[in-house]
Structures are given as C-alpha cells and as structure tokens.
Amino acid sequence: MKIISIEVFAAQLPLLRPFIVAYDVYHELPSIIVKITTDTGITGYGEGMPDSHVTGETFSSTYEMLVKDIAPLLIGENPFDIEKIHRNMSNAVYHAPTAKAAIDIACYDAMGKATSQPVYNLIGGKSHETLTVPYVVSILAPEEMARQAAQAVQDGYTSIKIKVGDDPLVDVKRIQAVREAIGADIQLRVDANQGWRDAATAMRVLKQVEDCQMEWIEQPVLADDLIGLAQVRQKTFIPVMVDEGLHGDKEMREIIDRQAADFINIKLMKCGGLYPACKLVAQAEMAGIRCQVGSMVESSVATAAGAHLSIAKEMIFSNEMVGPLMFSQDFGKLNYQKNELILSDRPGLGVEVDEEVVRRFSVHSAVIE
C-alpha cells in the first residue's frame with residue numbers, strides 16, 4: 001500500500017461561545033485537515049490544530065509547511081511505515097509537531113481501515129471500557145464560572161475543569177466560587193495555562209485555595225520553567241500537572257529527572273501524533289507518572305485520535321476529548337452521552353468525515369501528488 005496523493009485543507013471552525021484562556025480569546029479555531037489516498041483506494045484523515053502560543057506554529061505556517069515541505073516527501077510511502085515517515089518528516093523539518101501530527105493521524109486512520117481494525121487495536125487494544133470527559137469552563141467572572149459549573153453538574157458531569165491565569169487575585173475567587181457551587185464530591189481541576197508565570201505567584205494563589213480540594217493544578221508557571229514547576233510541586237500538597245512544558249522526549253527526560261510533575265498532559269499537537277505519544281506514555285510508565293490526554297480543542301478527527309490513545313493505555317487515567325462539544329459545526333460526529341465519549345469500534349478513527357463541510361469552511365486547499 002502506497003500513498004499516491006495528499007490533500008491539505010486549511011479551515012476555520014466556529015465555536016459555540018468564545019473560548020477564553022490565560023493567553024488568548026478564541027471565537028473560531030484553525031484546523032488543518034489532511035487526507036491521504038493510497039493506491040488501494042483506502043483513504044485516511046488527519047488533523048492539525050496549530051496554537052502559536054504552545055508550539056510556535058501558526059495557521060498559515062502549518063498549511064504551507066505541509067503543502068511545500070512535508071507532504072511531497074511522503075508520496076510513494078507506505079502508511080504502515082510510521083517510524084520511517086516520522087524520520088523523513090523530522091529530517092525535513094525540525095519540531096513542527098502539529099504539522100506532523102496531521103500526517104501521523106491520517107496514516108493511523110488508513111492503517112486501521114486497511115486492517116479492518118479500530119486504531120486502539122493498533123496501539124495496544126482497549127485497556128479502559130469507558131471514557132469520561134470533564135466540563136471545561138473558560139475564564140469569566142467568578143459568579144458566571146460558578147453558574148456554568150453548577151449547571152454542568154446538574155447535566156450529569158462529575159468533573160469540572162476551570163481556566164484561570166489572567167489575574168491571580170480574581171483566580172482565588174474563581175476557584176473558591178466554583179468549589180462552593182459544585183459541592184465537595186465533584187472533581188475540580190484548575191488550569192492556569194502559564195498565567196501565574198513564576199513559582200512565587202503560583203504558591204501565593206495555591207496557599208489561599210488549599211481547602212478547595214483540587215484534583216490538580218495544571219501548568220501554573222511558564223512552559224520553559226521546569227525548575228519553577230518542580231519548586232511548586234515540592235511546596236504544595238496539591239498534585240501538579242505539566243502541559244505546555246511537555247512536548248516530546250527532551251522535556252519528558254527533564255521532567256522525570258527533576259521530579260517536576262505528578263501528572264503529564266500529552267497532546268498529539270505538541271508531540272507530533274500517536275506514534276510519539278505512545279513513546280511518552282511508555283516513558284511515563286517507567287517513571288510512575290500518570291498521564292492525561294489533552295486537546296487543543298480539536299474537531300472530531302483529532303479528538304477521535306486522542307480518544308483511541310486514551311482508551312488503549314492503562315497509564316492514561318484522564319482525558320479532555322471535549323473539542324466537538326465546543327464547535328457549532330464539525331467535520332464529523334462523535335457519540336457523547338452526558339459525560340461519556342462512546343468510542344466507535346469501526347475501522348480506523350471511526351469518524352465519517354463530511355468533505356462538503358471541510359471544503360465549505362476551508363480558506364485554502366491543495367493536492368500533492
């Protein structure tokens with residue numbers, strides 16, 4: 001089986017409501033859809049969701065890199081030769097994990113369809129029976145965040161994740177208000193998205209909310225400050241999760257060496273796809289670090305890939321595959337039942353991609369043969 005063509009679509013997906021984090025406000029999100037076609041007629045779909053604040057990749061740079069630098073190298077390659085494909089991509093372009101993830105996911109989709117197997121069977125089989133997702137609350141006024149969190153609990157969610165990080169003083173009120181609104185039995189996860197910047201500020205906030213029973217605090221310091229992250233972990237009993245500070249093997253080795261985090265947040269867009277993500281899980285398992293699979297708020301395509309990874313690996317105890325719930329339009333459909341994502345056992349990703357929707361929301365497209 002050989003790849004004979006690669007189509008790349010640069011689309012903008014509209015959100016139901018603004019998504020507000022410490023470093024930006026989003027009204028729509030950029031999505032790069034990749035479609036590979038093989039000489040056997042099998043196709044595979046992948047997605048890259050670039051975030052310039054996290055990986056340094058932009059909407060336009062990811063599209064141009066795929067069209068001009070990466071996709072042409074892969075014509076004639078076998079999607080099953082995934083290690084070779086990653087080697088070829090890395091030899092051509094340093095880093096650029098989101099662009100590589102789009103290709104990686106498309107290859108796994110094609111592999112699954114060629115073998116009549118869901119992707120999770122290609123990476124270890126089904127380790128978990130179900131996938132429970134949290135409800136994610138953007139940065140807003142404390143009372144509005146509390147209201148949304150309380151409503152989510154009424155709707156059946158058992159875990160609430162709140163975004164903070166734009167103002168440490170207000171963040172204390174946000175955390176306290178949400179905990180009071182949802183009660184003591186609901187999981188509360190807090191994500192600062194680097195907003196507190198340094199260990200001293202992070203500890204000043206955490207000391208004031210120690211009684212709020214947080215499941216963990218995620219990325220309380222700047223991404224490159226693994227020393228500061230380790231300091232926070234040493235000084236608080238609240239578990240610490242690293243997100244933006246972890247991309248690939250280099251950071252993983254340093255996190256383990258510095259004992260900088262209790263948990264890691266793996267995102268396919270940060271590490272380059274399913275193949276490198278499985279390597280991160282293996283390293284975490286050796287170090288006794290539990291994993292979450294996070295999302296850049298991706299469409300059903302990349303969300304399905306993250307869900308397959310989540311259900312296949314025992315060390316992955318949490319996932320945030322909630323992107324499709326946040327868009328007003330999507331390229332496909334996943335099955336959510338209250339706070340559970342019911343993963344399809346159909347071959348590949350199990351997502352029927354609607355190309356009419358892809359083309360309607362695309363602002364650029366190209367075919368590489």
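Since we're looking at a predicted model, the values are computed, not measured. All residue numbers refer to positions in the sequence shown, counting from 1.
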### Message
Within the 4.5 Å heavy-atom criterion, are Phe327 and Leu16 side-chain neighbours or not?
### Response
no
### Message
If I take atom CD from residue Gln213 and atom CD1 from residue Ile175, how far apart are they, to the nearest 0.5 angstrom?
### Response
13.5 Å
### Task
Determine yes or no for a side-chain-to-main-chain donor-acceptor pair under 3.5 angstrom, with Asp198 supplying the side chain and Thr201 the backbone.
yes
### Task
Mind checking the CD-CD spacing from Gln259 to Gln234? Nearest 0.5 Å is all I need.
8.0 Å
### Query
Taking C-beta and beyond as the side chain, do Asn193 and Glu244 meet within less than 4.5 Å on heavy atoms?
yes
### Message
Quick one about Arg189 and Ser159 (side-chain donor to acceptor, distance below 3.5 Å, no hydrogens or angles considered), yes or no?
### Response
yes
### Query
Same hydrophobic cluster for Trp196 and Ile238, using side-chain heavy-atom links shorter than 4.5 Å among ILVMFWY?
yes
### Message
Between Gln219 (side chain only) and Val221 (backbone N and O only), is there a donor and an acceptor less than 3.5 Å apart?
### Response
yes
## Note on the structure
Heavy-atom closest pair (Ile266 atom, Ala277 atom, distance to 0.1 Å) is CG2-CB, 4.0 Å
### Summary
All heavy atoms of Phe331 vs all of Ser300, minimum pair found to be C-OG, 4.1 Å
### Query
Got a salt bridge between Glu320 and Lys267, using NZ or NE/NH1/NH2 to carboxylate O under 4.0 Å?
no
### Message
With clusters defined by side-chain heavy atoms of hydrophobic residues (ILVMFWY) lying less than 4.5 Å apart, directly or transitively, does Ile139 cluster with Met296?
### Response
yes
#### Entry: Note: Asp243-Lys270 ion pair, threshold 4.0 Å (strictly below)
yes
### Query
Is Asp109 reaching over with its side chain to a backbone N or O of Leu349, donor-acceptor style, under 3.5 angstrom?
yes
### Shortest non-hydrogen separation from Tyr108 to Ile123 and the atoms involved
CE2-CG2, 3.9 Å
### Task
Show your reasoning for whether side chain to side chain contact (heavy atoms under 4.5 Å, CB included) applies to Phe80 and Thr115.
CA-CA 11 Å; Phe80 281 92; Thr115 57; 3.6 Å; yes
### Query
Between Thr158 and Asn339, do the side chains contain an N or O donor and an N or O acceptor separated by less than 3.5 Å?
yes
### Residues Glu356 and Arg360 bridged, charged N to O under 4.0 Å
yes
### Query
Taking atom CG of Asp39 as the centre, does the number of heavy atoms from other residues, nucleotides or ligands within less than 6.0 Å exceed 12?
yes
### Query
Any chance CG of Asn91 has more than 12 other-residue heavy atoms, nucleotides or ligands included, within less than 6.0 Å?
yes
### His128 (side chain) donor-acceptor with Lys313 (main chain) under 3.5 angstrom
yes
### Query
Are more than 12 heavy atoms from other residues, nucleotides or ligands located less than 6.0 Å from atom NZ of Lys126?
yes
### Query
Do Gln194 side-chain atoms and Ala223 backbone N/O form a donor-acceptor pair below 3.5 Å?
yes
### Query
For the side chain of Thr236 and the backbone of Val232, is there at least one donor-acceptor N/O pair under 3.5 Å apart?
no
### Query
Hey, is Asp171 close enough to Arg204 for a salt bridge, meaning N to O under 4.0 Å?
no
### Task
List the steps, then state whether side chain to side chain contact (heavy atoms under 4.5 Å, CB included) holds for Leu246 with Met252.
CA-CA 6 Å; Leu246 170 66; Met252 189 70 213; 4.0 Å; yes
### Task
May I ask you to test the Ser318-Arg290 pair for a side-chain heavy-atom distance under 4.5 Å?
no
#### Entry: Leu229 side chain reached by Arg258 side chain, heavy atoms, under 4.5 Å
no
### Message
Between Ile85 and Ile32, is there shared hydrophobic-cluster membership here, with clusters defined by ILVMFWY side-chain heavy atoms closer than 4.5 Å?
### Response
yes
### Message
Do Ile6 and Ile75 have side chains that approach each other closer than 4.5 Å (heavy atoms only, starting at C-beta)?
### Response
yes
#### Entry: Polar side chain donor-acceptor pair, Thr55 to Glu57, under 3.5 angstrom
yes
### Task
Evaluate the criterion salt bridge (Lys or Arg N to Asp or Glu O under 4.0 Å) for residue pair Glu83 and Lys279; output intermediate values, then yes/no.
CA-CA 12 Å; Glu83 183 155 343; Lys279 291 183 177 182; 5.3 Å; no
### Query
Linking I/L/V/M/F/W/Y whenever their side-chain heavy atoms sit closer than 4.5 Å, directly or via other members, would Ile316 and Met241 fall into one cluster?
no
### Query
Which value, rounded to the nearest 0.5 Å, describes the distance between Phe361 atom CZ and Asp330 atom CG?
9.5 Å
### Query
Which atom pair, heavy atoms only, marks the closest approach of Ala150 to Ile182?
N-CG2, 4.1 Å
### Message
Testing the basics here: between Gly228 and Ala199, what is the closest heavy-atom pair and its distance to 0.1 Å?
### Response
O-CB, 3.7 Å
### Task
Nearest 0.5 Å please: distance from the CG atom of Asp166 over to the CG atom of Leu140.
9.5 Å
### Query
Ignoring hydrogens and geometry, is there a side-chain-to-backbone donor-acceptor pair from Gln283 to Arg253 under 3.5 Å?
no
### Query
Judged by atom type as modelled, is there a donor-acceptor pair below 3.5 Å linking the side chain of Thr98 to the main-chain atoms of Pro50?
no
### Query
Can you tell me how far the CD1 atom of Ile255 sits from the NZ atom of Lys250, to the nearest 0.5 Å?
10.0 Å
### Query
Are any of the side-chain heavy atoms of Val133 and Asn319 separated by less than 4.5 Å?
yes
#### Entry: Heavy-atom side-chain proximity of Tyr23 to Asp51 below 4.5 angstrom
yes
### Query
Nearest heavy-atom pair of Glu215 and Pro239: which atoms, and what distance?
O-CG, 3.4 Å
#### Entry: Salt-bridge criterion met for Lys161 and Asp191 (N-O under 4.0 Å)
yes
### Pairwise ring-ring contact (aromatic ring centres under 6.0 Å, His included) hits with a residue in residues 243-264, at least two apart
His95-His247, Trp216-Phe263, Phe263-Phe317
#### Entry: Chi angles and distances behind the side chain to side chain contact (heavy atoms under 4.5 Å, CB included) call for Cys212, Gln176
CA-CA 7 Å; Cys212 289; Gln176 292 170 337; 3.9 Å; yes
### Message
side chain to side chain contact (heavy atoms under 4.5 Å, CB included), that's the test. Do Phe59 and Val363 meet it? Break it down for me.
### Response
CA-CA 11 Å; Phe59 184 44; Val363 294; 3.7 Å; yes
#### Entry: Side-chain touch Met145/Lys163, heavy atoms, less than 4.5 angstrom
no
### Query
So among Thr38, Thr43, Thr37, which one has a side chain to side chain donor-acceptor pair (under 3.5 Å) with Thr40?
Thr38
### Message
Tell me whether the count of non-hydrogen atoms from other residues, nucleotides or ligands lying under 6.0 Å of CD in Gln12 goes above 12.
### Response
yes
### Task
Would you give the length of the straight line joining atom CG of Leu74 to atom CD1 of Ile36, rounded to the nearest 0.5 angstrom?
8.5 Å
### Message
Looking at Ser295 and Met321, would you say the former's side chain and the latter's main chain have a donor-acceptor pair under 3.5 Å?
### Response
no
### Query
Among all residues two or more places apart in sequence or in another chain, which pass the side chain to side chain donor-acceptor pair (under 3.5 Å) test with Gln148?
Glu144
### Task
Treat each ILVMFWY residue as a node, draw an edge where side-chain heavy atoms are under 4.5 Å apart, and state whether Leu325 and Ile311 are in one component.
yes
